[in-house]
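To keep things clear, I will list the structure first and then write my remarks on it.
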Amino acid sequence: MKARNALLAAFTLSTLATAVQAADEVVVYSARIDELIKPVFDAYTEKTGVKVKFITDKEAPLIARLKAEGANTPADLLITVDAGNLWQAEQEGVLQPTKSDVIDANIPAQYRSSTDSWTGLSLRARTIFYSTERVKPEELSTYEALADKNWEGRLCLRTSKKVYNQSLTATLIEAHGAEKTEELIKGWVNNLATDVFADDTALLQAIDAGQCDVGITNTYYYGRLHKQNPGLKVKPFWPNQADRGVHVNLAGAGVTKHAPHAEQAKKLLEWMTTPDAQSIFAGVNQEYPANPAVKPSAEVASWGTFKADTVATEVAGKRQAEATMLMDRAGWQ
């Protein structure tokens, strides 16, 4: 009997130890490139002692995995890019509302879910880039003006299949309505200098090489490329400064619906909105901090300041299906 009791006690202690150990670990499903997010997790572990295990994949497989795993998921947090993807994860029911005074204080409301299901962690402007050899900045003004005849055969675009362009189009629909936006997109398509590109980096290189004179890409792609090639003959232009401002999107995260360690996940999420973590986001990938109290990196700051569109980024998700169908009708491949 004594032996059995001793064995039971040992088993109980072992089980409790395992539970404590598990509580000191947060599991993250991440759609971000490893080298862009690992420094953030390493800093959190160093500060708190809590280990962060992360599994990397594209956003669609990660959302599908969370749905399939249900209550058995090991994931505590989902990190992905673009408000459209975060909104989709929310609609698929894989995130839970996480009310936090810390997050509310650090991140402006336009960069958070209205249901508290996710928050932005870093920002990127999807803006106009131009050839410094063939275009004068004063020739540029708005996204809409790129549909004008004077840009015929001079414009480059990334494929409409990329969520970044779907989100941009969604906010244009929010601003102008579907009919005017479709007319605008047709103007862009008519002005294309070449077939659409698979990625933003190739588009920027095409402007530099003279294949086209202007294009629309995310700022951090330019940051990466300019760091590799300081002689790049391309610069950013901030459109719509006289009206609604530059289209801004984000990378963000939310606590999963069945998070085994929801409280630990919340603490990690809160910490990622603080100046310490925001500075890492800003420096590693040349992104803008989502926390307005944190300054961007020297490289990003050198591009100048701009007025951002104040539309809620979750609009990118709400109008995503509408935007995709409109782009298809307008002939944007």
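Residue indices begin at 1 and follow the sequence shown.
- Taking the six-membered ring for Trp and thresholds of 30 and 60 degrees, W303 and Y222 have ring planes more than 60 degrees apart, a perpendicular arrangement.
- The side-chain hydrogen bond (donor to acceptor under 3.5 Å, both in side chains) pairs that include a residue from residues 127-136 are S131-R134, R134-D213, where partners are two or more places apart or lie in different chains.
- Partners of N191 by side-chain contact (heavy atoms from CB on, under 4.5 Å), not counting sequence neighbours, listed by chain and number: W151, E152, L155.
- Every side-chain contact (heavy atoms from CB on, under 4.5 Å) that D34 has, sequence neighbours left out, goes to F54, T56.
- In this view, S114 and E314 satisfy the side-chain hydrogen bond (donor to acceptor under 3.5 Å, both in side chains) rule, not counting sequence neighbours.
- Listed by chain and residue number, nothing satisfies the side-chain hydrogen bond (donor to acceptor under 3.5 Å, both in side chains) test with T181 (two or more places apart in sequence, or in another chain).
- Residues forming a ring-ring contact (aromatic ring centres under 6.0 Å, His included) with Y143 (at least two apart in sequence, or on another chain): none.
- Scored by the side-chain hydrogen bond (donor to acceptor under 3.5 Å, both in side chains) test, S117 finds T115 as partners (sequence neighbours excluded).
- Legend: residues meeting side-chain contact (heavy atoms from CB on, under 4.5 Å) with D309, ordered by chain and number and at least two apart, are R244, V311.
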Output a table of donor-acceptor pairs, distance under 3.5 Å, between side-chain atoms of residues 325-333 and any protein atom two or more places apart or on a different chain; print 'none' if there are none.
{"residue": "R329", "atom": "NE", "partner": "E182", "partner atom": "OE1", "Å": "3.2"}
{"residue": "R329", "atom": "NH2", "partner": "E182", "partner atom": "OE1", "Å": "3.0"}
{"residue": "W332", "atom": "NE1", "partner": "R158", "partner atom": "O", "Å": "2.9"}
{"residue": "Q333", "atom": "NE2", "partner": "G331", "partner atom": "O", "Å": "3.4"}

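- Applying the salt bridge (charged side-chain N to carboxylate O under 4.0 Å, His left out) rule to pairs touching residues 288-306 yields nothing, sequence neighbours excluded.
- N285 is linked by a side-chain contact (heavy atoms from CB on, under 4.5 Å) to R32, L36, Y220, R224, E287, counting only residues two or more places apart in sequence or in another chain.
- Considering only residues two or more places apart in sequence or on other chains, D199 meets the side-chain hydrogen bond (donor to acceptor under 3.5 Å, both in side chains) condition with none of them.
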